[in-house]
Amino acid sequence: HHNSNLREEGTFVNDKKQGFWKIYHYNGNLQMQGNYQTDVMQGFWRQYHENKELHSEGMLSEGKPVGFWKYFYPNGEMKECGYLKTGHEEGSWKGYYESGNPLYEGTYKNGYKEEWWKEYNASGTLTIIGQFKRGKRHGHWVFYHDNKERSLEGSYDKLGKQGVWNGYHPNGELESRGIYLNNKKSE
């Protein structure tokens, strides 16, 4: 590369990366560190933002993330955390705003959103709760105004919105009602 900063340091055995390695950003700050086994990332790894703050940490198996992983914003606050299995999300996950307030919480199965999910606004107030099936909205969903009153409520299936959907004013009074079939509102 164009500057004289060290890019990588570690040991080669039979022309393959082996043991503990450090890899650096172009600005010279540490980018990542962890172990190699015969040229493959293996075991616990840490990755860093260019400003030296931790970016992520977790286990790698045959170069793929597995187990519990944590990801961080450049300011050092937690961004999200959860389990990975052969490189995709699996099990419980939580996301956060840079302020530290919750952004989302839910479950993944085989890399798809599954079961109940909750989303929050930047002040930490619940804005959405609903279920997923293979990554698509499914079942009963409730959306909330910032004042915690319901704003919209209804159900989804694999074809989209289905049945009765109610919209509410911020004071909680019914504002609208629509009937949906295959994500299309009936006239």
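Because the structure is predicted, anything quoted here is derived from the model rather than measured.
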Check your understanding: Would you say Asn35's side chain and Gln42's backbone share a donor-acceptor pair under 3.5 angstrom?
Key -> no
**Study point:** Smallest separation among heavy atoms of Ser99 and Ala122, with atom names
**Key:** OG-O, 4.1 Å
Check your understanding: Backbone N or O of Gly154 within a donor-acceptor pair of the Asn166 side chain at under 3.5 Å?
Key -> no
Exercise for review: Treat each ILVMFWY residue as a node, draw an edge where side-chain heavy atoms are under 4.5 Å apart, and state whether Trp45 and Val40 are in one component.
Suggested key: no
Exercise for review: Could you please spell out the steps behind the side-chain contact (heavy atoms from CB on, under 4.5 Å) verdict for Leu103 and Glu119?
Suggested key: CA-CA 6 Å; Leu103 172 61; Glu119 293 182 20; over 6 Å; no
Revision key, fill the gap. Heavy-atom nearest pair, Tyr71 first then Leu84, reads OH-CD1, 3.5 Å
Exercise for review: Indicate yes or no for a side-chain donor-acceptor contact from His138 to the backbone of Lys133 under 3.5 Å, with no hydrogens or angles considered.
Suggested key: no
Point to revise | ring-ring contact (aromatic ring centres under 6.0 Å, His included) involving Phe44 - partner list, sequence neighbours excluded | key: none
Review point. Got a donor-acceptor contact below 3.5 angstrom from the Gln18 side chain to the Val13 backbone?
Key: no
**Study point:** Sole candidate of Trp141, Tyr108, Tyr156 that passes ring pair (Phe, Tyr, Trp, His ring centres under 6.0 Å) when paired with Phe132
**Key:** Trp141
Review point. Are side-chain heavy atoms of Val164 and Arg177 found at a separation under 4.5 Å?
Key: yes
Review point. Is the OH atom of Tyr83 crowded by more than 12 outside heavy atoms at less than 6.0 Å?
Key: no
Check your understanding: Can you name the residues that form a side chain to side chain contact (heavy atoms under 4.5 Å, CB included) with Lys109, not counting sequence neighbours?
Key -> Glu90, Glu114
**Study point:** Stepwise side-chain contact (heavy atoms from CB on, under 4.5 Å) test for Ser186 and Tyr180
**Key:** CA-CA 6 Å; Ser186 300; Tyr180 286 80; over 6 Å; no
Exercise for review: Identify, with sequence neighbours excluded, every residue that meets side chain to side chain contact (heavy atoms under 4.5 Å, CB included) alongside Thr107.
Suggested key: Glu115
Point to revise | Side-chain donor or acceptor of His145 paired with backbone N/O of Tyr168 under 3.5 Å | key: yes
Check your understanding: Around Asn182, counting heavy atoms of other residues, nucleotides and ligands shown, do more than 12 lie under 6.0 Å from its CG?
Key -> yes
Check your understanding: Do the side-chain N and O atoms of Tyr112 and Glu89 include a donor-acceptor pair separated by under 3.5 angstrom?
Key -> no
Check your understanding: So, does Asn14 use its side chain to make a donor-acceptor pair with the main chain of Lys16 at under 3.5 Å?
Key -> no
Practice item. Could you tell me which non-hydrogen atom of Tyr96 sits nearest to which non-hydrogen atom of Met78, and how far apart they are? Key: CB-O, 3.3 Å
Review point. What distance separates Lys79 NZ from Ser56 OG, expressed to the nearest 0.5 Å?
Key: 10.5 Å
**Study point:** Lys17 atom NZ, neighbour heavy-atom count above 12 within 6.0 Å
**Key:** yes
Check your understanding: In Å and rounded to the nearest 0.5 Å, what is the CD to NE2 distance from Gln47 to His55?
Key -> 5.0 Å
Check your understanding: Going by atom types alone, do Asp157 and Gln162 pair a side-chain donor with an acceptor below 3.5 Å?
Key -> yes
Practice item. Scan side-chain atoms only and decide if His140 and Glu153 contain a donor-acceptor pair under the 3.5 Å cut-off. Key: yes
Check your understanding: Hey, what do you get for CD (Glu8) to CD1 (Ile23), rounding to the nearest 0.5 Å?
Key -> 5.0 Å
Exercise for review: Show your reasoning for whether side-chain contact (heavy atoms from CB on, under 4.5 Å) applies to Gln31 and Tyr48.
Suggested key: CA-CA 5 Å; Gln31 181 180 359; Tyr48 300 89; 5.9 Å; no
Exercise for review: Sequence neighbours left out, what passes ring-ring contact (aromatic ring centres under 6.0 Å, His included) with Trp21? Give chain and number order.
Suggested key: Phe12, Tyr36
Review point. Are Arg134 and Lys158 close enough, and set up right, to give a side-chain contact (heavy atoms from CB on, under 4.5 Å), and what steps lead you there?
Key: CA-CA 9 Å; Arg134 288 202 48 82; Lys158 64 183 177 185; over 6 Å; no
Review point. Does the His25 side chain pair with the main chain of Asn51, one donor and one acceptor, at a distance under 3.5 Å?
Key: no
Check your understanding: Got a sec, which pairs hit side chain to side chain donor-acceptor pair (under 3.5 Å) with one end in residues 57-70, sequence neighbours left out?
Key -> Arg46-Glu57
Review point. With a cutoff of under 4.5 Å between side-chain heavy atoms, which Ile, Leu, Val, Met, Phe, Trp and Tyr residues group with Tyr120?
Key: Trp116, Leu126, Ile129, Val142, Tyr144
Revision key, fill the gap. For Asn121 and Asp146 the tightest heavy-atom approach is ND2-OD1, 2.9 Å
Review point. Side chain of Trp165, backbone of Ile179: donor and acceptor closer than 3.5 Å?
Key: no
**Study point:** Minimum heavy-atom distance Met41-Leu60, with the two atoms named
**Key:** CB-CD1, 3.5 Å
